[in-house]
Enquirer: 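I'd like to ask you about the structure that follows.
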Amino acid sequence: MFAGNVCLRHRDGNAALLPVSDPLFISLTMSDSELKARIQAESLSHARGLGDCLSTALRRAPLVEPTDEITLAGFLDSLIVPISDWVARRFDTSLKRKRNCHEDSLTTGNDRPDVVWSVNGAMLLKGEDKKLYKEMRIALGELVSQLAEWSNNYHGKVEYLVCYALAANMVQFCAVPRTAKEGGNSGGAPAAAIKLGPELNLQTTSGILSCVHHIILLTSIICLQSKQLPASFIPIGVSFCKSAGTTITFNNLHVVKSVALTEEAPMTNQKVSFLERVYESVKGHPCIVQAIKGPQVKAGKRHNPARVYEVALSPVEAVLSSAPTELSELYNAVRCVLQGLEALHRAGFGHGDLRWPNVISTTASQFVLIDLEGAMQLGSVVALGENVPRAWENGAVLEDGRYTAKSDLRQLANMVKGCAAAGSVVTALQDADTAREALERIDEQQQQQQS
């Protein structure tokens, strides 16, 4: 759809005619017979609701030279909003619209897009308005320049943003594709806007009809995109108490993990140095959380003198509450966790607390292992006590009282137990001595299933 003119077509490939009221059809086609190739009488189309919306728009006084952006924007809204509402109702989708308001999901800093259409907190259409036609290039530039990096937290699997730039009587529809983030999977800074067809003149009947074609098609796309959004999103800037003394604050590009230190839960310089080595050992690995800043221990504040352990982490995604339900996604999750464990084990470390809430999903095929604060030196002798992770099953995952690579694999096997049709995965994890061996066994299983 990113090339050529945008035109609605029937399944047989023929252009779809837009319905208008019968009297208006007669009036318009008498003054311009070429419109018969673009519109038809409502009585022949059986699309009463759309016909009413379009007829009302075409009967409205034509757009004259606007005196300000508000008048200009009002004209376009009066044309496209009723039609987009009609389309959205057919998809059972609730579109939220706002103008000149703060937007969190895909907008930098305090920038305020002129127009935002969103579903479940994710911006799916952006518009920029300018009074003068000579400012069209500026409007097109603002469609991209004010966009932040994409986040799966808000947009899930959505791959592009629908946009328009309005300057005087001309409107240009565009799409901004999502681009891959170097070294990561959440999506990087947006690429340039791709024009969807030519500029449309809203002072002409032909231009208005072309605009309606665009809105019907693009609203349909937005409604389909809404099915690719995550079930919920994390409000940026909001802090959550993960457990006693631990707070997670979500920012646009990273999360900050803070742990209030007490006499009962201290953090020695030796422990901080150990965690620095752990995070450094997996730097750049796509399957393990990355430390952007820290880890470090910060002095307490005046109102709260307790010292705080803090680390800024990437990527920003919601944690899994349970195993993926789709078998293909489960395989992907296990493979990603094993790849992460392989990197940790190679450096001499074990994860120490493998549970589904310590895994995040960036795409259906990419998963990331998080929460390295429980990492262990492989071969460490462990004294069981009150603070032993539940995933250790009272020490059952240990080998002769030591934490080994096998301890991580046993925890991962326990994570997969109970998942439908995953018995062979559990067996592979239980029988393997290393993460690499487990990966090879699981890859062999998949190949056998596909053959």
Side-chain angles (χ1 to χ4, degrees), residues 243 246 257 259 265-291 294-297 309 311 313-314 319-320 333-360 367-417 425-444:
S243 59
T246 301
K257 181 176 184 178
V259 182
M267 178 73 73
T268 64
N269 292 335
Q270 184 178 5
K271 176 66 172 179
V272 174
S273 178
F274 172 78
L275 291 175
E276 286 177 345
R277 297 198 305 275
V278 172
Y279 278 108
E280 184 63 29
S281 72
V282 295
K283 187 174 183 179
H285 198 289
C287 297
I288 302 187
V289 66
Q290 299 293 296
Q296 60 186 322
V297 173
Y309 166 83
V311 59
L313 304 164
S314 175
V319 300
L320 300 182
V334 171
R335 293 193 80 264
C336 287
V337 171
L338 284 171
Q339 290 175 56
L341 290 178
E342 184 181 20
L344 277 171
H345 296 170
R346 191 184 305 120
F349 306 117
H351 183 273
D353 189 16
L354 284 169
R355 301 174 289 121
W356 285 118
N358 283 337
V359 179
I360 61 176
F367 295 79
V368 177
L369 190 58
I370 65 170
D371 200 357
L372 301 185
E373 277 61 42
M376 304 283 294
Q377 191 80 46
L378 291 182
S380 299
V381 177
V382 178
L384 298 179
E386 294 181 0
N387 296 323
V388 170
R390 186 180 301 176
W392 288 18
E393 294 191 322
N394 295 319
V397 302
L398 303 177
E399 287 192 302
D400 297 325
R402 295 180 181 272
Y403 197 95
T404 66
K406 188 78 173 176
S407 302
D408 276 342
L409 296 181
R410 288 171 176 171
Q411 291 173 72
L412 182 55
N414 290 336
M415 290 166 60
V416 181
K417 281 182 180 177
V425 177
V426 175
T427 301
L429 293 169
Q430 291 174 334
D431 292 346
D433 291 319
T434 66
R436 171 47 50 185
E437 183 183 348
L439 270 170
E440 291 172 351
R441 287 173 180 263
I442 290 173
D443 286 344
E444 184 178 347

Enquirer: Can you sort out the partners of Asp353 under side-chain contact (heavy atoms from CB on, under 4.5 Å), two or more places apart, ordered by chain and number?
Expert: His351, Arg355, Asn358, Pro389, Ala391
Enquirer: Just to verify, what does Arg402 make a side-chain hydrogen bond (donor to acceptor under 3.5 Å, both in side chains) with, not counting sequence neighbours?
Expert: none
Enquirer: In terms of side-chain geometry, is the basic nitrogen of Glu373 or Lys257 positioned less than 4.0 Å from the acidic oxygen of its partner?
Expert: yes
Enquirer: Looking at residues at least two apart in the chain, or sitting in another chain, which of them share a side-chain contact (heavy atoms from CB on, under 4.5 Å) with Arg277?
Expert: Ser273, Phe274, Phe349, Gln377
Enquirer: Between Glu276 and Gln296 (side chain of the first, backbone of the second, donor and acceptor by atom type, cut-off under 3.5 Å), is there such a pair?
Expert: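 Checked: no pair found.
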Enquirer: Return the set of residues passing side-chain contact (heavy atoms from CB on, under 4.5 Å) with Arg346 (not counting sequence neighbours), or none when no residue passes.
Expert: Glu342, Ala343
Enquirer: So, using side-chain hydrogen bond (donor to acceptor under 3.5 Å, both in side chains) as the criterion, who are the partners of Gln430 when residues are at least two apart?
Expert: none
Enquirer: Applying side-chain hydrogen bond (donor to acceptor under 3.5 Å, both in side chains), name anything that partners Lys271, two or more places apart in sequence or on another chain.
Expert: none
Enquirer: If the condition is ring pair (Phe, Tyr, Trp, His ring centres under 6.0 Å), which residues does Tyr403 pass it with, not counting sequence neighbours?
Expert: Trp392
Enquirer: Is there a donor-acceptor pair closer than 3.5 Å between any side-chain N or O of Thr246 and the backbone N or O of Val259?
Expert: no
Enquirer: Phe367: what forms a ring pair (Phe, Tyr, Trp, His ring centres under 6.0 Å) with it, not counting sequence neighbours?
Expert: none
Enquirer: Just to verify, what does Asp443 make a salt bridge (Lys or Arg N to Asp or Glu O under 4.0 Å) with, not counting sequence neighbours?
Expert: Arg335
Enquirer: Could you check if a side-chain atom of Leu341 sits within less than 4.5 angstrom of a side-chain atom of Leu354, using non-hydrogen atoms only?
Expert: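 Contact flag for Leu341/Leu354 side chains = yes.
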Enquirer: With sequence neighbours excluded, what pairs up with Gln339 under the side-chain hydrogen bond (donor to acceptor under 3.5 Å, both in side chains) test?
Expert: none
Enquirer: Kindly write out the residues that satisfy salt bridge (Lys or Arg N to Asp or Glu O under 4.0 Å) with Arg441, not counting sequence neighbours, or none if the list is empty.
Expert: Glu437
Enquirer: side-chain contact (heavy atoms from CB on, under 4.5 Å), that's the test. Do Leu429 and Val425 meet it? Break it down for me.
Expert: CA-CA 6 Å; Leu429 293 169; Val425 177; 4.1 Å; yes
